[in-house]
Student: 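Right, I'll just put the structure down here and ask away after.
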Amino acid sequence: MDLIKKLEECSRRFATLSETVMDSELVKDPVRYKEVMREHGQLAELMVLYDEYKKILKGITDDTELITNEADHDMKEMAREELKEFEERLPRLEEEIKLKLIPPDPLNEKNIIVEIRNGVGGDEASLFVADLYEMYTRLAELKGWRYELMSASETEVGGYKEIVFSISGKFVYGALRWEGGVHRVQRVPTTEAQGRIHTSTVTVAVLPEAEETDIVIKPEDVRIDVMRSGGPGGQSVNTTDSAVRLTHLPTGLVVIQQDEKSQIKNKAKAFRVLRARLFDLEEQKKQSERAEVRKSMVGSGDRSERIRTYNFPQNRVTDHRINLTLYKLDHVMQGYLDELLDALNVYAKEEQIKADVTGLDR
C-alpha cells in the first residue's frame with residue numbers, strides 16, 4: 001500500500017525530529033530551530049491521522065474475520081455495524097491524510113502587499129476599488145491581522161484609481177493568494193437615474209512581501225527621483241520634495257510613493273513595494289518553468305483572468321474558478337470571506353493531490 005509506505009516514512013521522520021527538538025543546541029540556530037519546529041508541528045498533525053488510520057484498518061480486518069468465523073449471531077451483527085462505520089470513515093480519512101501529505105508552500109506564511117486598480121467602468125470601477133479595499137481590511141480586522149496603507153490615488157467621486165496596502169499576520173498569503181485577478185461588479189450606480197445595472201471591473205494583485213534576503217536590489221539598478229506630491233485634480237499635497245519614484249532599470253518597473261510627508265518614509269515604502277514586485281516576477285518565472293506543476297493552481301494565475309462576480313441586486317457572489325455561488329454578498333463585503341477562501345484552498349489542494357500524490361490509493 002503506497003499510502004502506508006509514505007506514512008511510515010513520515011513516522012520515521014517525525015521520530016527523528018522529536019529527538020532533534022529535545023537537543024539544547026537547536027535553539028542556538030534560530031533559522032534551523034524555526035524550520036525544525038514547523039516541520040515537527042506539521043508531522044504531529046499527520047501522526048494523529050495516521051494513528052486513526054491504523055486503528056480503522058485493524059478494525060476492518062478484525063471485524064471481517066469475526067463476521068466470517070464467529071458463530072454468535074449478535075456478535076456478527078455488532079461487527080457488521082462497526083465494519084460499516086469503519087468503511088464509511090476510511091475514504092474520508094484517506095483524503096484528509098493526502099491533503100496533509102502535501103508539503104505547505106513556504107510562501108504561505110509571508111505577509112502580502114495588495115494592489116487594487118480600477119478597470120472598465122470609470123467612476124463606478126473606482127468606487128468598487130474602495131469597496132474591495134474596505135472588504136479586505138475588514139477581513140484583516142476579523143482575523144487579527146495588521147494592515148497599512150502604502151499609497152492611494154483618489155478620484156473626485158470618493159473612489160480610487162489605485163490603492164496599495166500591506167497585510168501582515170499569521171498565514172496571510174496562504175489565505176489570500178488566490179484573490180489575484182479581475183473582480184467584476186454588477187450593480188446600479190448611484191448616478192444612474194434609470195435604475196439600469198452597470199458592469200464594471202477592477203484588478204487585484206496579491207504579492208508575497210519579500211525580505212531583503214529574498215531579493216537583493218543593487219543600488220546601481222535603481223534610479224531614484226524625488227518630486228512634490230500631488231493629489232486629486234493635481235492639487236498640491238505639500239510643498240516639499242517628499243514624493244519618491246523608483247525606476248528599476250533591468251526590468252523597467254516603476255514605483256511611486258507619495259503618501260507620507262517624509263521622503264525617507266516614502267522611500268522605504270517604495271522599496272518594499274518594488275521588492276515585492278520583483279519577488280513576484282521571480283515566482284511567476286518559476287511557475288512558468290514548472291508548467292506541469294501549475295495544474296495544481298486555481299485558475300491560470302493570469303491577472304487578466306476574470307475570477308469573481310459580485311452581483312448586488314441578487315446579493316450574489318460567484319467565484320468562476322470553482323463554480324461556487326453564495327447568496328450572501330452583503331456578508332462577504334463586510335469581510336466574511338472564509339467560506340470563499342476555504343473553498344479555494346481546498347480546491348487547490350485537491351488539484352495538487354491529482355498532480356503530486358497520484359498512486360497513493362489503497
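All figures in this text were calculated on a predicted structure; none of them were measured in a lab.
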Student: Between Asn266 (side chain only) and Val244 (backbone N and O only), is there a donor and an acceptor less than 3.5 Å apart?
Tutor: no

Student: Should we count CD of Glu220 as having more than 12 external heavy atoms under 6.0 Å?
Tutor: yes

Student: Between Val202 and Val182, does the side chain to side chain contact (heavy atoms under 4.5 Å, CB included) criterion hold? Intermediate values first, please.
Tutor: CA-CA 6 Å; Val202 306; Val182 176; over 6 Å; no

Student: Only one of Asn311, Thr318, Thr309 clears side chain to side chain donor-acceptor pair (under 3.5 Å) with Arg184; which?
Tutor: Thr309

Student: Around Lys265, counting heavy atoms of other residues, nucleotides and ligands shown, do more than 12 lie under 6.0 Å from its NZ?
Tutor: no

Student: If you group Ile, Leu, Val, Met, Phe, Trp and Tyr by side-chain heavy-atom gaps below 4.5 Å, do Val31 and Leu17 land in one group?
Tutor: no

Student: Would you check if Met333 and Phe312 make a side-chain contact, meaning some heavy-atom pair closer than 4.5 Å?
Tutor: yes

Student: Can you name the closest pair of heavy atoms from Ala343 and Leu324 and give their distance?
Tutor: CB-CD2, 3.8 Å

Student: Please examine the side chains of Tyr136 and Phe165, heavy atoms only from C-beta on, and report whether any two atoms are closer than 4.5 Å.
Tutor: yes

Student: So do Arg117 and Ile163 actually touch side chain to side chain, heavy atoms under 4.5 Å?
Tutor: no

Student: Side chains of Ile167 and Arg146, heavy atoms from C-beta outward: is any pair under 4.5 Å?
Tutor: no

Student: Do the rings of His40 and Phe14 sit parallel, tilted or perpendicular, given the 30° and 60° boundaries?
Tutor: parallel

Student: One pair to check against side chain to side chain contact (heavy atoms under 4.5 Å, CB included): Glu162 and Val164. What are the steps and the verdict?
Tutor: CA-CA 7 Å; Glu162 172 189 276; Val164 180; 4.0 Å; yes

Student: Among Arg272, Lys110, Arg275, which residue satisfies the salt bridge (Lys or Arg N to Asp or Glu O under 4.0 Å) criterion with Glu209?
Tutor: Arg272

Student: Indicate the atoms forming the closest heavy-atom contact of Pro313 with Ile197, along with that distance.
Tutor: CG-CD1, 3.6 Å

Student: Would Lys170 and Glu109 pass as an ion pair if we require N to O under 4.0 Å?
Tutor: no

Student: Tell me, which pairs form a side-chain hydrogen bond (donor to acceptor under 3.5 Å, both in side chains) where one or both residues lie in residues 63-77, sequence neighbours left out?
Tutor: Glu77-Arg80

Student: Identify whether the distance between the nearest side-chain nitrogen and carboxylate oxygen of Asp62 and Lys58 falls below 4.0 Å.
Tutor: yes

Student: State whether Arg187 and Asp131 are salt-bridged, where the test is any N-O pair (Lys NZ or Arg NE/NH1/NH2 against Asp/Glu carboxylate O) under 4.0 Å.
Tutor: yes

Student: Say whether Phe271 and Met150 are linked into one hydrophobic cluster, either directly or through other cluster members, by side-chain heavy-atom distances under 4.5 angstrom.
Tutor: yes

Student: With side chains defined as the heavy atoms from C-beta onward, is the minimum distance between Val206 and Tyr173 less than 4.5 Å?
Tutor: yes

Student: If you define the side chain from C-beta out and look only at heavy atoms, does anything of Met47 sit under 4.5 Å from Ser11?
Tutor: yes

Student: Is Glu95 salt-bridged to Arg92, going by a charged N under 4.0 Å from an acidic O?
Tutor: no

Student: Can we say Lys267 and Glu260 salt-bridge, meaning some charged N sits less than 4.0 Å from an Asp/Glu carboxylate O?
Tutor: no

Student: Answer yes when Asp330 and Arg316 have at least one side-chain N-carboxylate O distance shorter than 4.0 Å, and no when they do not.
Tutor: no

Student: Under a 4.5 Å side-chain heavy-atom rule over Ile, Leu, Val, Met, Phe, Trp and Tyr, are Leu142 and Tyr147 clustered together?
Tutor: no

Student: Decide side chain to side chain contact (heavy atoms under 4.5 Å, CB included) for Lys100 and Glu96; before the verdict, give the C-alpha distance in whole Å, the side-chain angles of both, and the deciding distance to 0.1 Å.
Tutor: CA-CA 6 Å; Lys100 284 290 183 185; Glu96 290 179 46; 5.8 Å; no

Student: Assess whether side chain to side chain contact (heavy atoms under 4.5 Å, CB included) is satisfied between Leu93 and Ile56, documenting all intermediate values.
Tutor: CA-CA 10 Å; Leu93 180 59; Ile56 287 180; 3.8 Å; yes

Student: Please answer: with hydrophobic residues joined when any side-chain heavy atoms are less than 4.5 Å apart, are Met78 and Phe86 in the same cluster?
Tutor: no

Student: Considering all heavy atoms of both residues, which atom of Ala175 and which atom of Asn345 are nearest to each other, and what is their separation?
Tutor: O-ND2, 3.9 Å

Student: Is the backbone of Leu249 close enough, under 3.5 Å, to the side chain of Asp221 for a donor and an acceptor to pair up by distance?
Tutor: no

Student: Do you know which two heavy atoms are closest between Thr20 and Leu26, and how far apart they sit?
Tutor: O-CD2, 3.7 Å

Student: Which atoms form the tightest heavy-atom contact between Thr201 and Ala125, and what is the distance?
Tutor: O-CB, 3.6 Å

Student: Between Tyr310 and Phe128, is the ring centroid distance below 6.0 Å?
Tutor: yes

Student: Do you reckon Ile256 sits in the same ILVMFWY cluster as Ile113, going by side-chain contacts under 4.5 Å, direct or chained?
Tutor: no

Student: Show the nearest heavy-atom pair for residues His183 and Ile307, with the distance to one decimal.
Tutor: NE2-CD1, 3.4 Å

Student: Does a side-chain heavy-atom distance below 4.5 Å link Arg308 with Leu340?
Tutor: yes

Student: Could Glu94 and Lys98 be called an ion pair, given the rule that one side-chain N must be under 4.0 Å from one carboxylate O?
Tutor: no

